[in-house]
Amino acid sequence: MILYHCSPTPGLRVLEPRVTPYFDKPRQLCLTELRPMALFYGIRHFEYTYGYTRAGELYYMEQFPGALAELYGGKSASLYLCEEREGMETTAIPHERVTTRPVPVREEILIPDLLAALREQERQGTVRLIPWEQVDEANRRWIVDAERREILDRGLLDRPEDPMARYLREKYPESWALAWEERGCP
């Protein structure tokens with residue numbers, strides 16, 4: 001079976017396991033059966049806001065107005081195709097495989113614009129892209145609360161110049177204010 005891995009780093013011949021600085025995961029290499037899911041990892045960022053419907057359909061929901069274009073528009077990446085190998089494990093995330101071993105690259109496909117590639121995947125029916133304007137009030141409240149918890153759990157109020165803190169303060173000002181309020185600061 002062919003698996004995908006996407007990275008902003010071109011020219012890789014072997015994919016190496018790594019520790020991501022933003023998600024609490026062990027040193028591993030993540031791959032997926034789904035091309036559009038892999039494309040979300042073509043940037044290095046603090047969040048990947050995709051999920052699956054109850055019917056198992058992949059979707060991306062903007063967490064703030066214009067998020068998809070801001071994060072993916074005009075950004076290039078390399079989509080790596082690899083063979084599934086013995087020892088790869090499935091995770092709780094649908095269609096994901098992980099391994100602690102290096103994996104040779106079978107083929108590299110240059111993606112000149114991730115946003116255009118994601119929109120093409122949407123046209124093909126492999127992913128649903130949900131713009132902020134279509135995010136309902138319940139999900140908007142959930143986003144505010146989830147980001148508030150992230151700010152507090154990571155201690156970002158005490159590290160205002162941390163890149164993740166700056167990003168969350170800018171993109172989620174309501175969450176930032178609620179975190180300050182919860183901590184008892186004006």
Visitor: Starting from Ile111, can I reach Ile43 by hopping between I/L/V/M/F/W/Y residues whose side chains sit under 4.5 Å apart?
Guide: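 Hydrophobic grouping puts Ile43 with Ile111.
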
Visitor: From Thr32 OG1 over to Ile2 CD1, what is the distance, rounded to the nearest 0.5 angstrom?
Guide: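 Reported value, rounded in 0.5 Å steps: 13.0 Å.
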
Visitor: Would you mind listing every side chain to side chain donor-acceptor pair (under 3.5 Å) that reaches into residues 63-72, with sequence neighbours excluded?
Guide: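 Non-adjacent pairs meeting side chain to side chain donor-acceptor pair (under 3.5 Å): Glu70-Lys171.
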
Visitor: Check the pair Leu68 / Tyr60 against side-chain contact (heavy atoms from CB on, under 4.5 Å), numbers first and verdict last.
Guide: CA-CA 9 Å; Leu68 189 65; Tyr60 171 93; 3.5 Å; yes

Visitor: For residues Tyr52 and Val135: do they belong to one hydrophobic cluster (side chain heavy atoms under 4.5 Å, members Ile, Leu, Val, Met, Phe, Trp, Tyr)?
Guide: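 Shared cluster, yes.
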
Visitor: Specify the closest pair of heavy atoms between Pro160 and Arg169, including all atoms of both residues, with the distance to one decimal.
Guide: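 Looks like O-NH1, 3.0 Å.
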
Visitor: Atom CG in Leu15, atom CG in Leu31: separation rounded to 0.5 Å?
Guide: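 With rounding to 0.5 Å, CG (Leu15) is 6.5 Å from CG (Leu31).
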
Visitor: Could you tell me whether a side-chain N or O of Glu108 sits under 3.5 Å from a main-chain N or O of Leu79, the two making a donor and an acceptor?
Guide: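 It does not hold such a pair.
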
Visitor: Measure the spacing between OG of Ser76 and CG of Leu114 and express it to the nearest 0.5 Å.
Guide: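 Output value for this atom pair is 7.5 Å.
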
Visitor: Would you say that Arg35 contacts Gln124 through its side chain, given a criterion of any heavy-atom pair below 4.5 Å between the two side chains?
Guide: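 Contact flag for Arg35/Gln124 side chains = no.
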
Visitor: When rounded to the nearest 0.5 angstrom, what distance separates CD in Glu170 from CZ in Phe64?
Guide: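 Result: 8.0 Å between the selected atoms.
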
Visitor: Is the closest side-chain heavy-atom distance between Leu29 and Glu16 below 4.5 Å?
Guide: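 No; the side chains remain at least 4.5 Å from each other.
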
Visitor: Would Leu34 and Leu39 show up in the same hydrophobic cluster when neighbours are defined by side-chain heavy atoms closer than 4.5 Å?
Guide: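 Linked within one cluster.
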
Visitor: Can you tell me how far apart CG (Leu110) and OG (Ser78) are? Round to the nearest 0.5 Å.
Guide: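 Leu110 atom CG to Ser78 atom OG measures 5.5 Å (nearest 0.5 Å).
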
Visitor: Are side-chain heavy atoms of Leu81 and Val105 found at a separation under 4.5 Å?
Guide: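 Answer no - side chains too far apart.
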
Visitor: Can you pull the salt bridge (Lys or Arg N to Asp or Glu O under 4.0 Å) pairs that have at least one residue in residues 80-95, sequence neighbours excluded?
Guide: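 For residues 80-95, and leaving out neighbouring residues, the salt bridge (Lys or Arg N to Asp or Glu O under 4.0 Å) pairs sorted by first residue read Glu83-Arg106, Glu84-Arg97.
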
Visitor: Got a donor-acceptor contact below 3.5 angstrom from the His5 side chain to the Cys30 backbone?
Guide: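 Yes, His5 side chain to Cys30 backbone: donor-acceptor pair under 3.5 Å.
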
Visitor: Locate the shortest heavy-atom distance separating Ala77 from Gly42; write the atom from each residue and the value.
Guide: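 Residues Ala77 and Gly42, closest heavy atoms: CB-O, 3.6 Å.
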
Visitor: Could you walk me through whether Thr91 and Glu96 pass the side-chain hydrogen bond (donor to acceptor under 3.5 Å, both in side chains) check?
Guide: CA-CA 6 Å; Thr91 71; Glu96 183 179 62; 2.6 Å; yes

Visitor: Indicate the atoms forming the closest heavy-atom contact of Leu71 with His45, along with that distance.
Guide: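 Closest approach of Leu71 to His45: CD2-NE2, 3.1 Å.
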
Visitor: Salt bridge check: are Glu150 and Arg154 linked by an N-O gap of less than 4.0 Å?
Guide: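 Yes.
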
Visitor: Answer yes if the ring centres of Phe40 and Tyr50 are under 6.0 angstrom apart, and no otherwise.
Guide: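 Phe40 vs Tyr50: aromatic centres under 6.0 Å.
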
Visitor: Apply side-chain contact (heavy atoms from CB on, under 4.5 Å) to Met61 and Thr49, showing your working.
Guide: CA-CA 6 Å; Met61 182 186 316; Thr49 53; 5.5 Å; no

Visitor: Go through the steps to decide whether Ser7 and Tyr80 satisfy the test side-chain contact (heavy atoms from CB on, under 4.5 Å), and finish with yes or no.
Guide: CA-CA 8 Å; Ser7 170; Tyr80 294 103; 4.1 Å; yes

Visitor: Test side-chain contact (heavy atoms from CB on, under 4.5 Å) on Met88 and Val103 and set out the steps.
Guide: CA-CA 10 Å; Met88 289 183 175; Val103 175; 3.7 Å; yes

Visitor: Testing the basics here: between Val127 and Tyr59, what is the closest heavy-atom pair and its distance to 0.1 Å?
Guide: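 Closest heavy-atom pair between Val127 and Tyr59: CG2-CA, 4.1 Å.
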
Visitor: Hey, does Lys75 have a side-chain heavy atom less than 4.5 Å from the side chain of Asp113?
Guide: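 A side-chain contact is absent here, since even the closest heavy-atom pair is not under 4.5 Å.
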
Visitor: Please check if Leu156 and Trp180 belong to a single hydrophobic cluster, counting links between Ile, Leu, Val, Met, Phe, Trp and Tyr side chain heavy atoms closer than 4.5 Å.
Guide: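 Yes, it is one cluster - the side chains of Leu156 and Trp180 are joined through contacts under 4.5 Å.
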
Visitor: Specify the closest pair of heavy atoms between Leu152 and Leu157, including all atoms of both residues, with the distance to one decimal.
Guide: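 Scanning both residues, the minimum pair turns out to be CD2-CD1, 3.9 Å.
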
Visitor: Quick one: does Arg13's side chain have a donor or acceptor within less than 3.5 Å of a partner on Pro104's backbone?
Guide: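 Not confirmed, Arg13 side chain does not pair with Pro104 backbone.
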
Visitor: Trp176 and Trp142: same hydrophobic cluster, using ILVMFWY side-chain contacts below 4.5 Å?
Guide: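 Yes; Trp142 is reachable from Trp176 via cluster members.
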
Visitor: Which atom pair, heavy atoms only, marks the closest approach of Thr126 to Leu58?
Guide: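 Looking at all heavy atoms of both residues, the shortest contact is O-CB, 3.9 Å.
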
Visitor: Would you sort out whether Arg149 and Asp145 count as a salt bridge (Lys or Arg N to Asp or Glu O under 4.0 Å), showing the intermediate values?
Guide: CA-CA 6 Å; Arg149 284 192 317 270; Asp145 188 58; 2.3 Å; yes

Visitor: Answer yes or no: does atom CZ of Arg101 have more than 12 heavy-atom neighbours from other residues, nucleotides or ligands under 6.0 Å?
Guide: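 At most 12 heavy atoms, drawn from other residues, nucleotides or ligands, come within 6.0 Å of this atom.
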
Visitor: What's the verdict on salt bridge (Lys or Arg N to Asp or Glu O under 4.0 Å) for Arg148 and Glu182, showing C-alpha distance, side-chain angles and the deciding distance?
Guide: CA-CA 9 Å; Arg148 175 196 57 80; Glu182 184 173 328; 2.4 Å; yes

Visitor: Does the distance from a Lys or Arg side-chain N to an Asp or Glu carboxylate O, for Arg183 and Asp158, drop under 4.0 Å?
Guide: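 Result for this pair is yes, salt bridge flagged.
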
Visitor: Would you please name every residue forming a side-chain contact (heavy atoms from CB on, under 4.5 Å) with Arg123, sequence neighbours left out?
Guide: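 Partners of Arg123 under the side-chain contact (heavy atoms from CB on, under 4.5 Å) test: Arg119, Glu120.
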
Visitor: Working to the nearest 0.5 angstrom, can you tell me the gap between Ile151 CD1 and Arg159 CZ?
Guide: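 If I round to the nearest 0.5 Å, the distance is 11.5 Å.
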
Visitor: Is the closest side-chain heavy-atom distance between Met37 and Ile93 below 4.5 Å?
Guide: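 Side chain of Met37 against side chain of Ile93, heavy atoms only: contact under 4.5 Å found.
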
Visitor: Determine whether a donor-acceptor pair (N or O, by modelled atom type, separation under 3.5 Å) exists between the side chain of Glu62 and the backbone of Trp132.
Guide: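 A pair under 3.5 Å: yes.
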
